[in-house]
A.B. asks: 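Structure provided below as structure tokens; questions to follow.
This is a predicted model, so every value here is computed, not measured. The figures here come from the full heavy-atom set of this structure, side chains too, leaving out hydrogens, waters and symmetry mates.
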Amino acid sequence: MSGTVRVGTRASALALTQTTTVAESLARLGGVGYELVRVSTTGDVNRASLSQIGGTGVFVAALRDALLENACDVAVHSLKDLPTGDADGLTVAAIPERADIRDALCARDGLKLADLPAGASVGTGSPRRAAQLKAARPDLSVIDIRGNVDTRLARVAGLVEGGPGDLDAVVLAAAGLSRLGRQELITEYLEPSFMLPAPGQGALAVECRSADAGSSPFAEALRRYDHAPTRLAVTAERAVLRRLEAGCTAPIGALATVDGGLLTLEAVVCSPDGSALLRRTQTTTELTVDGAASVGVVLAEELLAGGAAEIAGLAVTS
């Protein structure tokens, strides 16, 4: 790499905002300039339901191709969109400190979830959110929606001027709303005790070519940018997803926290209609990447023993 690092990003407002933050941090740590390289992904151009277009990797593949083709030096992903399998020739070289992990309700008239009337329409593109919403409020009408953050907010009646306003509320990631300066539109933060987030939610992944991870001029900046507690937490969460052989569209939530010398991991597996939820917790004192991955597998095995595959319709092979 030269004196300017080329940072690959999706072109949405949220992606550009979070990628710019990453690029500025890496440039400062590495003492170089940066250039954003905009890449269009399948998830950006295809507005069908995520479950219909494959879900896993739809926001990632084109960025990875750009890296492998040397069109950029690093790529920034929302970690929850990143497939759990390894990508040949690529390495997640940095996971910066995580932002807010919670989901957030943005509703008309300042309403909270409990205040929404029976039959109220709530939009989300996430089967995980939909299932947990239906479990808590089976009387709600949960609508599958796509689009960027502002497009989704515009669907809520009276929330954004000029929007269709055909929904009573939407559920979005609190981190994304905050990064875009839209947090004032949040009417309720949905705590993990009620709604477990997606594995990796609120975290970003900075991926580069494996050959650059250890010896490039930017390698030290990537190492310094990595946040060890966040990496441990998301490693545990993603290990659950990987063992369950599930992608980012599966109705599965997971959250790990590192406090002192203990990592606590909690996960939930839901039926798509929210009629069945299986929620379990495991802990470990082995605060290494291998230890975090191991506790994720242990928890996944416990979920499978409890019927997770049947509940969520997972095709687990072994």
Side-chain angles (χ1 to χ4, degrees), residues 9-10 12-25 59 76-82 92 94-107 110-114 122-133 136 145 147-153 156 159-160 169-206 225-238 240-241 248 252-259 263-268 279 281 292:
T9 178
R10 293 168 56 200
S12 72
L14 177 56
L16 287 170
T17 298
Q18 60 194 25
T19 299
T20 298
T21 299
V22 170
E24 289 174 346
S25 297
F59 296 114
V76 179
H77 310 283
S78 289
L79 189 56
K80 66 182 179 63
D81 296 332
L82 205 62
V92 177
I95 301 174
E97 186 171 2
R98 196 177 207 171
D100 198 329
I101 56 86
R102 294 173 293 180
D103 292 298
L105 183 77
C106 301
L111 295 175
K112 296 186 180 342
L113 185 64
V122 182
T124 176
S126 161
R128 171 192 60 82
R129 290 174 182 143
Q132 292 181 90
L133 281 170
I145 62 172
N148 61 35
V149 170
D150 285 333
T151 299
R152 297 186 193 204
L153 291 171
V156 180
L159 202 63
V160 178
V170 294
V171 178
L172 298 165
L177 290 164
S178 179
R179 285 170 178 146
L180 287 172
R182 305 286 194 273
Q183 61 267 33
E184 75 280 358
L185 299 178
I186 296 172
T187 57
E188 184 179 9
Y189 288 94
L190 303 177
E191 298 297 334
S193 57
F194 162 72
M195 181 177 285
L196 276 179
Q201 184 160 310
L204 301 175
V206 186
Y225 195 42
D226 192 64
H227 186 249
T230 296
R231 183 176 283 272
L232 291 177
V234 301
T235 296
E237 295 162 15
R238 285 165 57 78
V240 174
L241 207 59
C248 63
I252 295 169
L255 177 64
T257 56
V258 179
D259 187 9
L263 185 153
T264 301
L265 173 63
E266 188 170 13
V268 65
R279 191 163 175 155
T281 303

A.B. asks: Is the shortest side-chain heavy-atom distance between V240 and L265 below 4.5 Å?
C.D. replies: yes

A.B. asks: Salt bridge or not for E237 and R98, using N-O below 4.0 Å?
C.D. replies: yes

A.B. asks: Do L113 and F194 come close enough that some side-chain heavy atom pair is under 4.5 Å?
C.D. replies: yes

A.B. asks: Just checking, is any N or O donor in the side chain of R10 or Q18 under 3.5 Å from an acceptor N or O on the other one?
C.D. replies: no

A.B. asks: From the options I145, V160, V171, select the one residue that forms a side-chain contact (heavy atoms from CB on, under 4.5 Å) with R152.
C.D. replies: I145

A.B. asks: Name all pairs fulfilling the side chain to side chain donor-acceptor pair (under 3.5 Å) condition that reach into residues 183-193, sequence neighbours left out, sorted by first residue then second.
C.D. replies: R102-E191

A.B. asks: Any chance you could measure M195, atom CE, to L190, atom CG, to the nearest 0.5 Å?
C.D. replies: 5.5 Å

A.B. asks: When you compare the side chain of L180 with that of T17, does any pair of heavy atoms fall below 4.5 Å?
C.D. replies: yes

A.B. asks: Looking at I252 and P199, what are the two nearest heavy atoms and their distance?
C.D. replies: O-CD, 3.8 Å

A.B. asks: Taking R238 for the side chain and L82 for the main chain, is one N or O donor matched with an acceptor at less than 3.5 Å?
C.D. replies: yes

A.B. asks: Have Q201 and D103 got a donor and an acceptor in their side chains that come within less than 3.5 Å?
C.D. replies: yes

A.B. asks: Is it the case that the side chain of R128 and the backbone of L196 share a donor-acceptor pair, with hydrogens and angles ignored and the cut-off at 3.5 Å?
C.D. replies: yes

